[in-house]
Amino acid sequence: MTRRFVYLISSFLLVLPLLGVSQNCNQVNSWVAKAEGYAAGIDTRVLNAYMVMKLTSPAFHDEHFKPVFGKIYSELNEHDKEEIRSKLLSCASDKALVKKGLITAFETDNMTANWNRQVAAINNSSAEENERIHNYESRIRARNRAQHQRTQQQTEAYNRQRRAARGRNSRGALPPRSPHAYNASPKVRKNTPADYQKEAVEMRTVLTYIKGNAAPAHRFTGYANAGLMQKVYDGDFEGFPLGLDDMREKNLMGGLSKINEIKKYERYLTIYLENFSASCAMKAKANYKEVKIQYEVIETQHNVSSSKGYTKPEIYYMKPHFEKDFRRIHKVLSNAAPMDAIWMLASPGETGLNFGPDAKQLFKKNQCESPVLRQLETNLYLASKGKSSLQKLLPYLGK
């Protein structure tokens, strides 16, 4: 046997595992179609790589992935991933979701850890359970699209009314509106002292904790989210005391915009608290509340649901008054595909998905319980609750 022949045999054996499972584009395209099915009905123009990962990850379940690519995702090495990436580009480069996000599962970058966690979470449940979750969330997305359409229709009707009113009034002025009217846009509604008093009573615990903090003026330079962090720190935001139910039901047109703003702050708060736990509280556990996050895995077959155990527990440490809302927000964001109207309405650059590096940098530059961090985290928490800033509420504490 010649040396050249031995070399050719060896080279063939090295690529055999992957070639044996992805030798034709039919299999690859069939798998891509399955991934696309999990994102059906979503406007791909508004999706980023992270959202594509959340939506399409059920296709990476071992039962779907291994028959096509020969290995389960967690067993792929760098060579395997590069081969699959090339195959996706050669077979399905015209598919929007491929370049938008699917190929990031087979690249070595900042998405790698996210994909590993997401696929592991998908495999905590059966393929059937993932399908049930997908069907449920598809119905939710359809409902949200219908709601968004109604919002647009209300906006058009409102604009027609404004044009008609201007036509009736030679000066173009609109009749005066009550500042408390439900149809006053939440984005421009002016809060009153009574509103601040109401919020101060509701937020008494967190306001009492921060009272007397005396944080100095501070500039957040060098952060990806510097503008939003500065806005939060300076208290440049308003609450909406009428409540979320009023925004949803009686003020749909402006209410969705405000709810979206609140959900944005929820994502930032969760990332902040997770990083605070890892960078600060873990080093002084006795000073903070231990928060154990764990979810039951429910499998449904033939309309019968049964428990299949629990996910691996996640342990965090934080100030006690953050626990309840942290659990609530974490549960929502930990769904298999947390995509709804709120995500679709999120402003570009303000989704919270790139806040992790900022949070790590924040704790390197500041002491864990410094007045700067206490003011930032308190205002971030208040904003995530749809409340006004501590600068606006503290004067009403105790009145």
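Predicted model, so just to flag it, every value in this text is computed and none were measured. Throughout, residue positions are numbered sequentially from 1 according to the sequence presented.
- With salt bridges taken as basic N to acidic carboxylate O contacts below 4.0 Å, none links Glu78 and Lys81.
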- Task: Tell me, with the steps shown, if Phe363 and Tyr272 meet ring-ring contact (aromatic ring centres under 6.0 Å, His included).
- Result: CA-CA 10 Å; Phe363 296 122; Tyr272 174 92; 5.4 Å; yes
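- The main-chain N or O of Asn225 is found under 3.5 Å from a side-chain atom of Asp358 such that the two form a donor-acceptor pair.
- A cation-pi contact links Lys365 to Tyr223, judged by a cut-off of 6.0 Å to the six-membered ring centre and 45° from its axis.
- Judged by distance alone, the side chain of Thr311 and the main-chain N or O of Tyr295 form a donor-acceptor pair under 3.5 Å.
- Residue Tyr288 forms a ring-ring contact (aromatic ring centres under 6.0 Å, His included) with just one option from Tyr316, Phe326, Phe276, and that option is Phe276.
- We find the OG1-CD distance between Thr112 and Glu107 to be 8.0 Å, quoted to the nearest 0.5 Å.
- Within the model, atoms CG of Asp195 and CD of Glu238 stand 9.0 Å from one another, a figure rounded to the nearest 0.5 Å.
- Proximity of a side-chain donor or acceptor of Ser30 to a complementary backbone N or O of Asn26 within less than 3.5 Å is not detected.
- At a threshold of 4.0 Å, the pair Lys392-Glu199 does not count as salt-bridged, since none of the basic side-chain nitrogens sits closer than that to a carboxylate oxygen.
- Note on Glu323 versus Arg327: salt bridge recorded, some NZ/NE/NH1/NH2 to OD/OE distance being below 4.0 Å.
- Judged as a side-chain contact (heavy atoms from CB on, under 4.5 Å), and not counting sequence neighbours, the contacts of Ala127 are His61, Glu63, His64.
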Output side-chain donor-acceptor pairs under 3.5 Å for residues 210-222, partner residues at least two apart or in another chain, one line each.
residue	atom	partner	partner atom	Å
Asn213	ND2	Pro371	O	3.0

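- Lys231 pairs by the side chain to side chain donor-acceptor pair (under 3.5 Å) definition with nothing, not counting sequence neighbours.
- Put simply, the residue from Asp234, Asn379, Asp236 that forms a side chain to side chain donor-acceptor pair (under 3.5 Å) with Gln391 is Asn379.
- For Asn77, the side-chain contact (heavy atoms from CB on, under 4.5 Å) test picks out Lys71, His79, Asp80, with sequence neighbours left out.
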- Message: Go through it in stages, so that I can follow the logic: the residues are Ser384 and Asp325, the test is side chain to side chain contact (heavy atoms under 4.5 Å, CB included), and I'd like the CA-CA distance, side-chain angles, deciding distance and then a yes or no.
- Response: CA-CA 9 Å; Ser384 77; Asp325 287 285; 5.8 Å; no
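- Residues passing the side chain to side chain donor-acceptor pair (under 3.5 Å) test with Thr104, sequence neighbours excluded: Trp115.
- Side-chain contact, Asn114 with Gln118: no donor N or O sits under 3.5 Å from an acceptor N or O.
- For residues 62-127, the set of pairs meeting the disulfide bond (SG atoms under 2.5 Å apart) definition, not counting sequence neighbours, comprises Cys25-Cys91.
- Ala105 approaches Tyr73 most closely through the heavy-atom pair O-OH, 2.6 Å.
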